Amino acid sequence: MKTMTYGQAIKEGMSIRMRENPNVYLLGEDVGAFGGCFGVSAGMFKEFGGKRICDTPISEGAIIGTAIGSAATGLRPIAEIMMGDFVTVAMDQLVNQSAKMRYMFGGKISLPLVVRLPGGAGVSAAAQHSQSLEAWLVHVPGLKVIYPSTPQDALGLMLSAIDDDNPVIMIEHKALYSVKGNVYNLAPIPLGKGDIKRKGNDITIIATGKMVYEALTAAESLKTAGISAEVIDPRSLYPLDKNLIADSVSKTHRVIVTTEETKRGSYAGELSAYIHEELFDKLDSPVSRVCALNTPIPFAPNLEKAFLPNAADIFRAAKALF
Amino acid sequence: MKTMTYGQAIKEGMSIRMRENPNVYLLGEDVGAFGGCFGVSAGMFKEFGGKRICDTPISEGAIIGTAIGSAATGLRPIAEIMMGDFVTVAMDQLVNQSAKMRYMFGGKISLPLVVRLPGGAGVSAAAQHSQSLEAWLVHVPGLKVIYPSTPQDALGLMLSAIDDDNPVIMIEHKALYSVKGNVYNLAPIPLGKGDIKRKGNDITIIATGKMVYEALTAAESLKTAGISAEVIDPRSLYPLDKNLIADSVSKTHRVIVTTEETKRGSYAGELSAYIHEELFDKLDSPVSRVCALNTPIPFAPNLEKAFLPNAADIFRAAKALF
Amino acid sequence: MNISKETMQHMYITMKRIREFELKTQELFAEGKVPGFVHLYLGEEAVSAGTCEYLNDNDYITSTHRGHGHIIAKGGDMKYMMAELFGKATGYCKGKGGSMHIADRDKGILGANGIVGAGQDIALGAGFSINYKGTKQVCICFFGDGSTNQGTFHESLNLASIWHLPIVYVCENNNYAISMSQSRHQHIQNISDRGTAYGIPSLHIDGNNVIAVYKTIAAAVDRARKGEGPTLIECKTYRWRGHFEGDPAIYKPQEEQEAWLKKDPLLQFKTYLESNHFFNEDQLHIWDTAVCQEIDEAVRFADESPLPDINTVVNDVYSDITEEVRVR
Amino acid sequence: MNISKETMQHMYITMKRIREFELKTQELFAEGKVPGFVHLYLGEEAVSAGTCEYLNDNDYITSTHRGHGHIIAKGGDMKYMMAELFGKATGYCKGKGGSMHIADRDKGILGANGIVGAGQDIALGAGFSINYKGTKQVCICFFGDGSTNQGTFHESLNLASIWHLPIVYVCENNNYAISMSQSRHQHIQNISDRGTAYGIPSLHIDGNNVIAVYKTIAAAVDRARKGEGPTLIECKTYRWRGHFEGDPAIYKPQEEQEAWLKKDPLLQFKTYLESNHFFNEDQLHIWDTAVCQEIDEAVRFADESPLPDINTVVNDVYSDITEEVRVR
Ligand SMILES: Cc1ncc(C[n+]2csc(CCOP(=O)(O)OP(=O)(O)O)c2C)c(N)n1
Ligand SMILES: Cc1ncc(C[n+]2csc(CCOP(=O)(O)OP(=O)(O)O)c2C)c(N)n1
Ligand SMILES: [Mg+2]
Ligand SMILES: [Mg+2]
């Protein structure tokens with residue numbers, strides 16, 4: 001067992017595979033000696049050198065394009081987009097190219113690539129540096145989408161992402177990078193396996209990324225109020241651990257889905273629709289979404305706080321279901 | 001009353017406002033003398049000249065950028081992106097710039113611009129020329145999203161879109177361009193007003209774009225099976241006519257949402273989540289989504305047909321709710 | 001540089017294959033046998049034939065929406081191509097891709113592409129792999145004049161330049177991007193002028209002269225293999241047909257069209273071969289006939305092939321997950 | 001070209017304003033008064049001061065993440081800027097934008113921008129409007145060396161060229177894109193070489209010499225107003241600080257940093273003004289003091305201003321729809 005931060009765990013996952021497999025490499029803006037905008041790759045340049053920790057100009061489309069072309073020709077790239085928001089300038093590469101190639105080419109090509117997207121708000125980075133855009137990516141057949149909330153999950157999921165023969169998007173929350181946690185083992189965590197972050201009986205709270213912590217806080221408060229909440233972190237948004245969710249909902253009959261996305265058109269909505277479709281008979285009340293407001297992300301700390309969903313919101317929403 | 005095609009109605013809407021307001025102009029690839037890839041602007045170059053019907057190089061980002069900058073400085077641009085799929089290369093302009101500017105700048109700027117996105121499958125145009133990407137855009141606060149299904153709606157919505165002081169995305173279905181319909185009046189149709197395309201009592205089918213026609217066909221079959229289906233076309237995906245939906249669902253207690261999107265992460269999911277959240281007590285059965293498969297869009301006509309949702313799917317899904 | 005007779009023979013046959021494949025496709029499209037969008041390469045045969053002649057099977061190419069010529073020249077099998085155009089199960093992509101998405105990894109063909117400018121980025125990755133592994137392959141990146149106005153062009157050339165990637169950028173300047181003539185879509189006469197912006201050696205040549213193409217490419221490929229980085233080569237040529245089948249192309253001035261038809265690259269090469277006594281008419285005729293037979297066989301193969309089983313619609317999305325058939 | 005004393009005085013004051021504003025911001029950031037990302041313009045003052053001096057209020061500018069200098073030079077009010085940096089209700093954007101999103105339509109400031117390269121596209125639209133309405137304004141498009149590797153740069157210059165837009169592209173080459181020195185992110189020495197690719201007249205100048213900037217811009221602006229189209233001007237300058245506050249910038253060689261500190265644009269201009277007897281030290285001192293007072297007032301204004309009411313979080317998304325406060 002080791003204690004490390006979420007950021008270090010991501011680095012550890014990348015480094016483990018890079019040590020084992022010379023075809024794994026990292027590219028992105030300032031990922032080299034600078035260590036990445038959030039310091040995630042700090043030290044990797046020293047260990048692996050500039051050939052494998054590869055600085056790029058400010059050309060996100062070309063970063064993903066390079067990842068695609070090199071994956072198609074035998075390498076296993078990890079591409080960092082400095083902020084998830086900048087994926088807007090690489091959507092074609094991600095969506096029309098990487099996600100569809102295998103299918104368009106009749107299954108005859110593999111694209112083992114990982115794209116890292118640091119997302120999320122909370123640091124007054126305003127509307128263009130704080131978004132949670134996972135809903136877009138889950139909507140794209142051909143992509144897998146993962147979103148770890150803890151150092152252990154970050155490490156295990158990173159290993160699986162690198163091992164996967166398909167494009168995998170890893171959403172990382174920038175405000176989690178410095179969060180510490182225990183890492184018990186270095187085994188890959190299979191994509192499509194969710195995790196119960198807290199056991200409970202009366203209500204299921206499905207939470208992603210940083211909202212897992214808010215959910216856990218809310219669960220504590222709910223306990224005081226006599227409600228036993230189960231907190232589930234899907235970790236992998238697609239493929240989704242449907243069994244884990246079904247089991248939990250069959251037990252609790254009530255569900256909150258909480259994500260940091262703007263509510264309208266969110267992945268939280270997809271989860272809600274799915275649960276209603278498949279588990280309607282198990283539900284005693286409608287699935288309730290606790291998300292961010294339907295606004296761009298404001299700069300001022302007090303406004304940003306008002307924008308973001310939090311434990312109190314989850315608590316309120318949960319209470320309302322009883 | 002006039003009979004015209006969906007494509008002609010769009011042109012008519014644009015032309016009416018261009019005649020009235022010299023600040024309205026159209027730009028896009030081959031929209032000029034060529035008349036646009038689907039012929040929507042055919043003849044407009046002749047009427048309005050090259051200054052106002054403005055051909056561009058293949059630079060979609062710059063097309064939307066031009067629209068933004070000119071809207072910010074007093075014009076009312078209409079930008080055509082040749083195929084909706086190409087919006088992937090203009091997502092930054094659309095999402096990080098146009099949608100957020102008013103908010104980021106504290107409400108001190110208006111961006112009256114319309115972006116036309118021909119979407120949809122059915123013509124063997126394969127994975128990169130057939131997508132329905134409306135879910136992405138509905139997820140973006142600051143954008144309005146409309147999707148007409150008939151010539152009358154196309155015309156009325158286009159007028160409102162041009163009149164609007166916010167960025168409005170108009171999704172057009174390429175397979176509808178040649179569909180004829182009656183146009184009874186030339187009045188703008190307010191954004192946020194849905195339409196009942198067929199009255200019914202037993203089930204509500206909410207359908208967008210080309211799926212409206214499949215829904216109407218399904219409703220006919222359902223009638224034979226003794227089920228009276230109401231078909232609702234929201235027309236405006238955001239803002240959404242929540243009252244119209246609530247009234248219908250309160251009457252029928254059963255809902256199908258059908259769109260041409262890949263199901264996972266779809267706008268249909270947002271509608272489903274919303275209806276469950278707000279109208280759970282009115283529902284006798286879960287909202288059921290009838291969407292396209294979770295795959296890229298295949299080329300071969302028989303595969304494409306298998307990919308697309310149709311009236312029979314809606315019929316089956318509706319029957320299953322009783 | 002001396003060009004062997006064998007090379008000339010092969011280039012001639014390649015050009016003829018492309019010509020006949022496209023003429024047949026034109027016909028089949030008109031008959032309704034080929035669905036979707038079809039962009040013909042007629043009139044541009046010398047570019048891909050001359051370019052790919054100098055490559056090895058394990059060299060890469062990236063292609064465009066107008067990809068048939070590239071694929072044939074790089075050794076793609078016309079049977080599987082035609083079957084793909086028909087949307088048949090035996091096609092290169094099992095009917096899932098169609099004309100705009102043909103790929104053949106064994107031949108280094110990284111795919112035709114429906115998105116203008118997308119191949120430029122993908123080429124970067126192929127070049128990156130080559131340098132990373134030190135395998136001395138090259139990647140040819142084909143693209144049109146119109147695509148040089150996409151941001152991807154710019155980003156690609158910049159990266160290839162700083163990374164010294166073994167990419168040869170082959171611009172097929174056929175003077176049009178759909179209805180936009182080059183003079184309307186950019187303010188320069190030679191696209192090769194754009195190389196300066198990246199410190200990439202650049203030149204423009206007669207793209208209808210297959211010998212010129214071959215020689216120019218050979219030099220650029222040699223340079224790339226030696227680790228000296230990318231080259232940008234603009235091949236001036238012309239699109240005989242409309243942008244896609246169905247486009248009457250009334251925006252093309254008739255004199256322009258006629259002048260270019262006179263510069264038929266295949267005919268020019270034929271004349272060259274005959275007048276220099278490399279091959280006589282009889283010999284060429286034999287090859288022509290063989291090519292026509294190949295095409296006929298390709299069409300027969302495509303025609304007789306089965307449609308894809310509709311259950312395959314859900315396969316091939318992932319390497320390990322099969323989507324449920326009725327998730328709707 | 002003769003430059004009036006009035007103009008010189010104003011440019012001096014502008015540069016001093018930018019310098020002091022940034023020094024103060026640096027201090028306030030360190031104290032934790034300014035949240036978020038802050039990119040300082042220290043060392044680059046001559047570029048925006050020299051550029052904006054020749055503009056009218058109704059001329060436009062597009063800006064970048066490093067926008068404070070542009071906004072001050074174009075006449076933005078430092079009180080509202082500082083309040084915005086503090087996230088206060090009285091700020092330019094009511095606290096919704098912060099350092100990277102300041103705009104002022106009345107002064108033609110179309111916004112700082114958090115997306116590298118985004119301003120290039122927006123400038124196109126401003127230029128388009130001007131030509132459309134025939135108003136003879138111009139638009140200055142500011143951007144960094146690193147941003148010239150984004151596709152938007154390429155697309156913008158191409159379009160501006162074919163449409164003859166009245167845009168002056170002002171590249172602030174401060175030799176770095178975060179940690180990437182220019183020689184690592186592109187293979188050319190002069191970014192002005194990129195103009196050739198679009199048929200746009202281009203040149204590079206000493207960006208630390210405000211007189212040179214002013215004169216060069218004046219010629220380009222005159223050209224643009226006459227309908228002769230865009231110009232690309234590369235201003236060589238240097239970023240004194242790290243990329244953002246908090247970046248220790250260890251990747252910058254110390255000798256390089258020192259050499260550039262010696263080329264302080266403000267000090268250079270001061271020396272020039274004094275040695276040519278335009279103004280004496282006393283006069284300059286009076287202006288300096290006034291500027292410092294302005295900054296103090298701006299800070300006081302920001303400090304004393306109220307936070308935005310949290311209910312305003314849902315306003316200003318649309319002109320006509322207010323989002324519900326608790327839709328979560
Ligand atoms: C991003 C994008 N924008 C627009 C299109 C539509 N389109 C397909 S081909 C084409 C013209 C391409 O011109 P050029 O690059 O010169 O190639 P050519 O067709 O002449 O071979 C256009 C605009 C597209 N496929 N992708
Ligand atoms: C599309 C995009 N990619 C990356 C970034 C992150 N980023 C912000 S500023 C910057 C460097 C910009 O360099 P340059 O254009 O030279 O401007 P400078 O900071 O030197 O003024 C980067 C990479 C961004 N904001 N947007
Ligand atoms: Mg062309
Ligand atoms: Mg810079």
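The chains referred to below are lettered A, B, ... by the order of the sequence lines, with proteins before strands, and numbering in each begins at 1. Since the model is a prediction, treat every value here as computed from it, not as a measurement.
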| query | Taking C-beta and beyond as the side chain, do D:P308 and A:N302 meet within less than 4.5 Å on heavy atoms? | reply | yes
| Do D:I178 and A:C37 have side-chain heavy atoms sitting under 4.5 Å apart? | no
| task | Examine whether an atom of D:I321 lies under 4.5 Å from a heavy atom of chain A, and if so say whether it belongs to the side chain, the backbone or both; otherwise answer neither. | result | neither
| said: Testing D:T312, D:V314, D:V313, D:I310 one by one against A:P298 for a side chain to side chain contact (heavy atoms under 4.5 Å, CB included), which residue passes? | reply: D:V313
| task | Could you note down all residue pairs passing side-chain hydrogen bond (donor to acceptor under 3.5 Å, both in side chains) where residues 24-35 of chain D supplies at least one of them, sequence neighbours left out? | result | D:K33-D:D303
| query | Are any non-hydrogen side-chain atoms of A:S124 and D:F37 less than 4.5 angstrom apart? | reply | no
| When you look at CD of D:Q189, are more than 12 heavy atoms from neighbouring residues, nucleotides or ligands closer to it than 6.0 Å? | no
| message | Using heavy-atom distances under 4.5 Å, tell me whether A:A33 contacts chain D through its side chain, its backbone, both, or neither. | response | neither
| said: For a 4.5 angstrom cut-off between non-hydrogen side-chain atoms, does A:F34 reach D:D247? | reply: yes
| remark: Applying a strict 4.5 Å limit to non-hydrogen atoms, the region of D:M180 in contact with chain A is both
| request: Could you go through the side-chain hydrogen bond (donor to acceptor under 3.5 Å, both in side chains) check for A:S59 and D:N149 one step at a time? | output: CA-CA 6 Å; A:S59 309; D:N149 300 325; 5.5 Å; no
| said: Shorter than 4.5 Å, heavy atoms on both sides: which option in D:K94, D:H185, D:H243, D:Q150 has the most such pairs with chain A? | reply: D:Q150
